[in-house]
Amino acid sequence: MQFTAMILSNVEVSPGYWRMRMTAPPECAAARPGQFVMVRVNGAIDPLLRRPFGIFDVGTYIPAQSGAIPQPYMEMLYRVVGKGTAMLSTLHGSDLLDVLGPLGKGFDLGAADEEKLIVGGGVGLAPLYLLAKELVKGSKVRLFAGGRTRDDILCITEFERLGVECYTATEDGSLGECGLVTEALLRRLDQLKGRATVYACGPHGMLNAVAGIAAERNIPCQVSLEGYMACGVGACLGCVAPGHSHSAENPDYRCVCTEGPVFESGELKWRD
Amino acid sequence: MQFTAMILSNVEVSPGYWRMRMTAPPECAAARPGQFVMVRVNGAIDPLLRRPFGIFDVGTYIPAQSGAIPQPYMEMLYRVVGKGTAMLSTLHGSDLLDVLGPLGKGFDLGAADEEKLIVGGGVGLAPLYLLAKELVKGSKVRLFAGGRTRDDILCITEFERLGVECYTATEDGSLGECGLVTEALLRRLDQLKGRATVYACGPHGMLNAVAGIAAERNIPCQVSLEGYMACGVGACLGCVAPGHSHSAENPDYRCVCTEGPVFESGELKWRD
Amino acid sequence: MKPDNRPDMTVNLAGLPLRNPVMTASGTFGYGEEFAEYVDMESIGAFVTKGLSLKPRAGNPTPRIVETPGGMLNAIGLQNVGIDAFITKKVPYLRTVNTPAIANFFGNTVDEYAEMARRLDDIPEVAALEVNISCPNVKLGGIVFGTDPDCAASVVAACRAATNKPLIIKLSPNVTDVVLMARACEDAGADALSMINTLIGMAIDLNKRRPVLANVTGGFSGPAIKPVALRMVWQVAKAVKVPIIGIGGIMNAVDALEFMLAGATAVQVGTASFINPGAAQKIAEDMETWLIENGVADIKSLIGALES
Amino acid sequence: MKPDNRPDMTVNLAGLPLRNPVMTASGTFGYGEEFAEYVDMESIGAFVTKGLSLKPRAGNPTPRIVETPGGMLNAIGLQNVGIDAFITKKVPYLRTVNTPAIANFFGNTVDEYAEMARRLDDIPEVAALEVNISCPNVKLGGIVFGTDPDCAASVVAACRAATNKPLIIKLSPNVTDVVLMARACEDAGADALSMINTLIGMAIDLNKRRPVLANVTGGFSGPAIKPVALRMVWQVAKAVKVPIIGIGGIMNAVDALEFMLAGATAVQVGTASFINPGAAQKIAEDMETWLIENGVADIKSLIGALES
Ligand SMILES: Cc1cc2nc3c(=O)[nH]c(=O)nc-3n(C[C@H](O)[C@H](O)[C@H](O)COP(=O)(O)OP(=O)(O)OC[C@H]3O[C@@H](n4cnc5c(N)ncnc54)[C@H](O)[C@@H]3O)c2cc1C
Ligand SMILES: Cc1cc2nc3c(=O)[nH]c(=O)nc-3n(C[C@H](O)[C@H](O)[C@H](O)COP(=O)(O)OP(=O)(O)OC[C@H]3O[C@@H](n4cnc5c(N)ncnc54)[C@H](O)[C@@H]3O)c2cc1C
Ligand SMILES: Cc1cc2nc3c(=O)[nH]c(=O)nc-3n(C[C@H](O)[C@H](O)[C@H](O)COP(=O)(O)O)c2cc1C
Ligand SMILES: Cc1cc2nc3c(=O)[nH]c(=O)nc-3n(C[C@H](O)[C@H](O)[C@H](O)COP(=O)(O)O)c2cc1C
Ligand code: FES
Ligand code: FES
């Protein structure tokens, strides 16, 4: 669906990372974890295309005035990387935003009687919070959050408040372990007794590593991909990613916006 | 010169007409009546080109804080007609604006011992206020302000405060006389004893009429023209207007941004 | 004005009556279904499918799209399900909507084009054919059909012989003389011309020192190209008798009406549907409003009505 | 890096050494003087004059310019003071600045082009000649020189015979095959190619039902056209040996560097100077900063350095 959201707040939660809350119609606030929205940053032609963002959280708030009726909202967590996100970060409460969504398929929540291992790199955490919120209802959930440096580790407190056990790692050692977050994941998997499912979102290199680890150990793994998107509704075919049997001779592309953005890692082609 | 102005205020003075005050360096605040500025409404590409506006007023203000030093400012009076002016009207105090100017040649103030007749159509009044401010120092000044309807008659109080005698006319009779303002001008010219100079700015049809009237009676007349401008500095040659000897066979174009925007009406080609 | 005071929005496109002149452009509206949630199909004049080919095509590696100032480049690589899957999987949807579906298609050889035209001619749900001639002729060393008048004419003639449905030829703007191309297509039997297809553009990622698109170059669309499209429609409208469908950067009703003044009988909305999936419907509605506000009783009176 | 740690910004354009690759584009920088207040002439590599002709030209009726999404159209009509007034009124200024001035010119016939080249060859203050071949050949029924390889080659050959100064040919983008045109010009004696000149576009005023420009069509420039320009520079750079000057929508240092990666030895800044009269200088400065920040010691190492 397409709707006009009113921004409720837009705050920088870490240098370069912003969290925006906006009103959303009930259908959007009922989004499944892993779904995304396409935001029109500017009504004119610059930037021209919508920008895709994961749904970080949804909820209900009660407006400040007396006797007000609770309103559904959604949140995005975004990183300022270019023109569109820079413009987003200048918006204020009560500004309006043209939003398309929720789009795509979300995460499969799987069985309740297994451990859930969530791996997020930087702003890749964005769609994982809503996922964790659902998963904690029935499972033990652990979060592995990685980043280049301290500032890239986001919203850990929020995950902890859900009862998620959090492991953090930074490449420069400025927060948590020094190194890649996949090392902590590996250690946990070594200790693992029962069944588990891995969920991951972040830079492609990280997803590649996580998918490899999960495949080796035969653990189900879902990853959320990014892709350059023009439409978000399966029409432009810009966003595709190679499927598992893809080769230059026998190409096999999956549409990230409609078949994804969440895929079973086994469905996709990974670098070896 | 090119400078960054800070907007001090931006208010709608009549439906669709706005008056904006902004800081200006002393060189710009020393602009001659009739000069203009080119404003970059948006730092991105939409709109791409600068927009030309007359300088409505200049002055000095004292910032609100104690012990502050007086600052020069300039004002524009503009009408919302399209994309650029619509965006201008959304700006607020303390927003910044990229300004080029003062540009062009201004009005020639002429001799002090004659009557000054100023004719303005709608937002054509914009460059005439600063002119009137100068002229009242040495001459009797009368303003003839015309418009389609009441809302198009702007800032008359400001002119009256200068001691200018004001005549107004609207096509629908909603303010002042019903009809064209040139009729009031004609009546005044009929009564005129001594010498006079006419100054006019407004829609081309009005300028055409005023130039005709002045030519008939051999009264010096200066008009301020508009023209589609890309550069404002004489480089693009987009803004030209036909000079008096212009014909299809022997074209004679004047550059509005550097040779104008104010011309002796006799320098230009008019429709008969 | 019609009795209910609403203007007559209908146009006739080479024998195909349209309830209004607004169509969607190939490759920007999927196979129709993708937009069912956003567009009331019966609010637009017609819709055009993604470009079809005999065999399914997987398309190019990614990245396939990139934004540019006021526009975008795409190098999708003509990904499509192929004619067989089109018939089994996509045609059933066409049956459910009371709006003409136009099949856009392409080939690598003249024979492939003709074969496609024959296959599509057999499908009752396909109201008209739109031929994308901006494809390389593999038999002629890759010269693009749509950039050579003889090549283009042979495609048109072959398709003409293969179908009785309205035959629309979609012109490439990447030519020195679009009027020459238009005349060649008209003479070879085109019932209508749609124009323009994308310009060819390129974008570079300075930091990576690489082209942004995996395919290096891509098709350039969006508001940025409108001035070129409008110019070409105007040039061709003066030179041919067949109706023209104006395409290129149409974002709103004003843009669409400008194309009609320049000589277009109908328009196609492309990139705009990515930005607002409901764009085509909104444009059709706003055009009607404009007509009412400007006292125009029949939209056909605007076709080619540019004064000069 | 040079001893003072500043990167080497110099390039050599067909024998003409430039302190940096940033030039201003013809028709957007007057005769230089107009910008003296805004640009330190010695901060840029070279500047190009308004297009000159044998006789002064008054240009087209107004309106002559109109903004479009991300770009603008102009139909100035090549208004210029003519070669005689250029010599008496404009050349004296050129003498005062220590930066190469390149004279852009055009003609209506091959002979006029040759005559202009001869006249300009005599002016010591003119460092190089840039030939605008996007003009109609009045002897050949108005076919634009720059859209026909033979026509273009004859202009180039005639100018070549008339001057020993570096001869830059400015290519039109309004062609099917820009590589063909580039090769024809190279073979006929061009020392360098500048590209692109404006696309042809049109804008319509819906309410007036008229073209916005008095001339109906106009030259399309600005950021909107950058993807087309970049593509053409890249195509031609692979096909010719002579240096290329990249032009089209360059607004900032990143744009300029992208053109160099695509194969340009230098760039010209056009429309950007209207928006920021100091654009060319700022771009040159920002390019140097980029080189420093990215550890590039010599800007020449970027020319054609696109990976793929
Ligand atoms: C399904 C999905 C969900 C996403 N969720 C989030 C999120 O929750 N938080 C967040 O910060 N970012 C998210 N991203 C990435 C985000 O869309 C880009 O960072 C953003 O579009 C950059 O826009 P820009 O104008 O600032 O950058 P520019 O570089 O100026 O953008 C230029 C173009 O490239 C595209 N683009 C640039 N980077 C990316 C990217 N990484 N992925 C896809 N397209 C890109 C833009 O959409 C635009 O079309 C998501 C991407 C996808 C596909
Ligand atoms: C020397 C000069 C002084 C001016 N002074 C004033 C003033 O003091 N107050 C005021 O309200 N207006 C003034 N104008 C007119 C003003 O520049 C236009 O109304 C404004 O540029 C419209 O911009 P837009 O984006 O809102 O309209 P759009 O129609 O979206 O503009 C599209 C393009 O057309 C140009 N354009 C549109 N209308 C005009 C016009 N009337 N004259 C010139 N170019 C135009 C714009 O600059 C722009 O390039 C002046 C014009 C000139 C040339
Ligand atoms: C992503 C994308 C895919 C396209 N695919 C096709 C296609 O398959 N066949 C075709 O004839 N045109 C195709 N086009 C061209 C459009 O139909 C249209 O001609 C062009 O985009 C210009 O219109 P616009 O500026 O409104 O987008 C495609 C355009 C885009 C942006
Ligand atoms: C107003 C204007 C006038 C121009 N006049 C000339 C000219 O006289 N000769 C010429 O070769 N190119 C002329 N050009 C083309 C520019 O030099 C340049 O090739 C084109 O504008 C593309 O660059 P840009 O996008 O940076 O403006 C003109 C362009 C503009 C906008
Ligand atoms: S973004 Fe258009 S198909 Fe996925
Ligand atoms: S506005 Fe460019 S020459 Fe006057």
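All values reported here derive from a predicted model rather than from experimental measurement. Throughout, protein chains are lettered first and strands after them, A, B, ... in sequence-line order, and every chain is numbered starting at 1. FYI, side chains are in, hydrogens and waters are out, and symmetry mates aren't considered; it's all heavy atoms of this structure.
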Can you find a heavy atom in the side chain of A:Tyr253 that is under 4.5 Å from one in the side chain of C:Arg64?
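Answer yes - side chains close enough.
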Close side-chain approach of C:Asn276 and A:Arg40, heavy atoms under 4.5 Å
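The answer is yes; the side chains approach within 4.5 Å.
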Given heavy-atom pairs under 4.5 angstrom as the criterion, report whether the side chain, backbone, both or neither of C:Glu37 touches chain A.
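Just its side chain gets close to chain A.
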Side chain / backbone / both / neither for C:Tyr31 at chain A, heavy atoms under 4.5 Å:
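Interface part for C:Tyr31: neither.
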Who in residues 24-32 of chain A is close to chain C, using a strict under-4.5 Å heavy-atom cut-off?
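Within residues 24-32 of chain A, near chain C: nothing under 4.5 Å.
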Where along residues 45-60 of chain A does a heavy atom come under 4.5 Å of chain C, listed by residue number?
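A:Ile45, A:Pro47, A:Leu48, A:Leu49, A:Arg50, A:Arg51, listed by number.
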What distance do C:Tyr38 atom OH and A:Cys231 atom SG have between them, rounded to the nearest 0.5 Å?
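The distance works out to 9.5 Å.
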Could you state the interatomic distance from NZ (C:Lys50) to SG (A:Cys236), rounded to the nearest 0.5 Å?
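It comes to 9.0 Å.
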Kindly give the heavy-atom pair with the smallest separation between A:Ala235 and C:Gly30, and that separation in Å.
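Shortest heavy-atom contact: CB-N, 3.9 Å.
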Chain C: which of A:Met38, A:Lys83, A:Met1 shares the most heavy-atom pairs with it under 4.5 Å?
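Winner by heavy-atom pair count: A:Met1.
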Report the option among A:Asn250, A:Thr258, A:Asp98, A:Val240 that has the most heavy-atom pairs separated by less than 4.5 Å from atoms of chain C.
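Maximum pair count with chain C is reached by A:Val240.
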Please rank C:Pro277, C:Ala224, C:Gly278, C:Pro63 by heavy-atom pairs under 4.5 Å with chain A and give me the top one.
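Highest number of pairs under 4.5 Å: C:Pro277.
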For A:Leu237, is it the side chain, the backbone, both or neither that has a heavy atom under 4.5 Å from a heavy atom of chain C?
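When you check distances to chain C, atoms from both the backbone and side chain of A:Leu237 fall under 4.5 Å.
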Here's a test for you: under side-chain contact (heavy atoms from CB on, under 4.5 Å), which of C:Leu213, C:Ile65, C:Asn74 qualifies with A:Tyr228?
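Among the candidates, only C:Ile65 passes.
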